[in-house]
Amino acid sequence: MPEGHTVHRLARLQRRRFVGTPVAVSSPQGRFATDAEIVDGRVLEAVEAHGKHLFQVYEADLVVHVHLGLWGRFPNRRVPAPEPRGQVRMRIEGPTHYADLRGPSACALFTDVEVKALRARLGPDPLRADADPEEAWRRISRSRAPLATLLMDQSVIAGLGNVFRAETLFRCRIPPLLPGRELGRERFDALWADLTDMLRAGERQGRIETVRGPSGDQPDGGGARGTDHGNSSCAGSVYAYRRTGRPCLVCGTPIARTTHAARNLFWCPTCQA
DNA sequence: TGAGTATGTTCAG
DNA sequence: TGAACCTACTCAT
């Protein structure tokens, strides 16, 4: 689940539900206990997302940094909060809602300097108003690395993961192994626009739907829908992601899969020739 | 009940 | 490049 759109959606929800009031922060599991004590009872001032990173700002030098990694979950629910069950790294509780953080790859208290250092390593995030696509273009247009590698590199574009990589390369008809320097400005602009659209839709809907219907942007519910590939909760209707061997929704060619830099890569050999 | 799998990142070699 | 981190879910037995 957690690509950039998930984290931005989370930030928006937490802004609405926790910002501006004192919150109770604890670590039922214990691994965040010392830091939780420091922010417990303080007023949460802001919640920000950059790529897949979430920042809960209490003061300039009191920022809780969360990265969900592959398995992390941070569901927001209405109070009253029940007794924590299982491994809850952090619980945050406000007047109307609480949220239990489970399985994150990172959850730690950061200073302002640490936040800045981390963000300096991240490329522009299409979901942020301050994103500058020129930064991504500079990196891509000078690189010999394939687009499949560049799009997963958080210092090139922040917030993309494997699903969005597969889908944007398909929708833009780009061969995954095309070197960045051979992409060209026009195709880069189309790619950036497509990514922005998909991420925004994903943030709005809370899931990834990328198949365009015949009359616009509505998913058509075609061959990609269903539970037979077991990932309906993460990608509703998609063109390529985890559709290995199934016919391309556009041309019928079986979707191909390979392992690229230790990650699954999916594409249509005809549409993305 | 146990094996297999996954949308991510970091570090050692 | 591979291992480690660490969680929830699906599927086969």
Side-chain angles (χ1 to χ4, degrees), chain A residues 1-10 27-32 49-55 65-75 77 84-91 99-108 110 114-115 117-123 125-127 145-146 148-171 176 195 198-203 205-211 224 226-245 255 257-267:
Chain A
M1 183 94 97
E3 295 196 26
H5 69 297
T6 309
V7 180
H8 276 270
R9 185 183 174 86
L10 206 48
S27 179
Q29 176 203 49
R31 285 182 58 182
F32 182 64
H50 188 155
K52 299 167 189 168
H53 299 260
L54 184 78
F55 302 97
H65 166 243
V66 171
H67 193 293
L68 294 175
L70 194 50
W71 301 296
R73 297 275 156 85
F74 206 173
R77 297 203 195 329
R85 299 222 323 250
Q87 299 291 306
V88 177
R89 182 79 59 89
M90 171 170 67
R91 170 174 281 187
D100 281 351
L101 173 65
R102 297 167 188 276
S105 65
C107 174
F110 271 26
E114 289 172 310
V115 171
L118 193 155
R119 291 191 56 186
R121 300 204 316 260
L122 297 175
D125 173 351
L127 283 177
T149 304
L150 293 166
L151 291 182
M152 295 284 273
D153 184 339
Q154 301 299 300
S155 68
V156 176
I157 300 176
L160 299 192
N162 210 356
V163 183
F164 282 120
R165 169 178 73 171
E167 295 305 299
T168 198
L169 287 174
F170 179 92
R171 288 175 26 141
L195 278 174
M198 278 201 304
L199 283 160
R200 281 198 189 131
E203 185 195 349
Q205 298 163 5
R207 62 199 198 127
I208 303 174
E209 300 266 0
T210 65
V211 176
T227 55
D228 51 341
H229 53 304
N231 68 333
S232 58
S233 65
C234 55
S237 46
V238 293
Y239 286 106
Y241 178 71
R242 284 189 69 178
R243 294 195 66 244
T244 314
I255 295 296
R257 186 202 74 84
T258 189
T259 302
H260 177 82
R263 303 296 300 276
N264 286 322
L265 173 64
F266 305 90
W267 79 103

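Please read these numbers as outputs of a predicted model, since none were measured by experiment. Sequence lines set the chain letters: A, B, ... in the order given, protein chains first and strands last, and positions in each chain run from 1.
Atom pair R85(A):CZ and dT7(C):P shows a separation of 16 Å (rounding to whole Å applied). We find that CD of Q87(A) is positioned 15 Å from P of dC5(C), with the value rounded to whole Å. In this structure, the CD atom of Q29(A) is 6 Å from the P atom of dT7(C), given to the nearest Å. Protein atom CE of M90(A) is 15 Å distant from nucleotide atom P of dT7(C), rounded to whole Å. The distance between atom CG of L68(A) and atom P of dC6(C), rounded to the nearest whole Å, is 15 Å. Here the P atom of nucleotide dA6(B) and the CD atom of E3(A) are 14 Å apart, to the nearest Å. Atom pair K52(A):NZ and dA6(B):C1' shows a separation of 13 Å (rounding to whole Å applied). The nearest whole Å value for the distance from the CZ atom in F74(A) to the P atom in dA8(C) is 15 Å.
Contact annotation: R242(A) side-chain N/O to dT5(B) OP1/OP2 distance is not under 4.0 Å. The side chain of N162(A) places no N or O atom within less than 4.0 Å of a non-bridging phosphate oxygen (OP1 or OP2) of dA6(B).
If you take atom P in dC6(C) and the same atom in dT1(B), they sit 24 Å apart, rounded to whole Å. Comparing dA8(C) with dT10(B), their C1' atoms sit 23 Å apart, to the nearest whole Å.
Evaluation of the salt bridge (Lys or Arg N to Asp or Glu O under 4.0 Å) test over residues 149-164 of chain A, restricted to residues two or more places apart or in two chains, returns R139(A)-D153(A).
For the side-chain hydrogen bond (donor to acceptor under 3.5 Å, both in side chains) test, no residue two or more places apart in sequence or in another chain qualifies with R200(A). For E203(A), the side-chain hydrogen bond (donor to acceptor under 3.5 Å, both in side chains) criterion is met by R12(A), not counting sequence neighbours. Considering only residues two or more places apart in sequence or on other chains, R91(A) meets the side-chain hydrogen bond (donor to acceptor under 3.5 Å, both in side chains) condition with D100(A). Taking the side-chain hydrogen bond (donor to acceptor under 3.5 Å, both in side chains) definition, one finds that S27(A) meets it with nothing, sequence neighbours left out.
Summarising the geometry of E3(A) relative to F164(A), their closest heavy-atom pair is OE1-CD1, 2.8 Å, with the distance given to 0.1 Å. Annotation for F110(A) and L118(A): closest pair CE2-CD1, 3.6 Å, computed over non-hydrogen atoms.
Comparing dT7(C), dA8(C), dT9(B) by their nearest atom to the side chain of W71(A) picks out dT7(C). In the set dA6(B), dT9(B), dA8(C), the nucleotide with an atom closest to the side chain of Y241(A) is dA6(B). Residue Q154(A) has its side chain nearest to dT9(B) when only dA8(C), dA6(B), dT9(B) are considered.
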Just the table, please: protein N/O against nucleotides 10-13 of chain B N/O, every pair under 3.5 Å.
from, atom 1, to, atom 2, distance (Å)
dT10(B), OP1, R121(A), NH2, 3.1

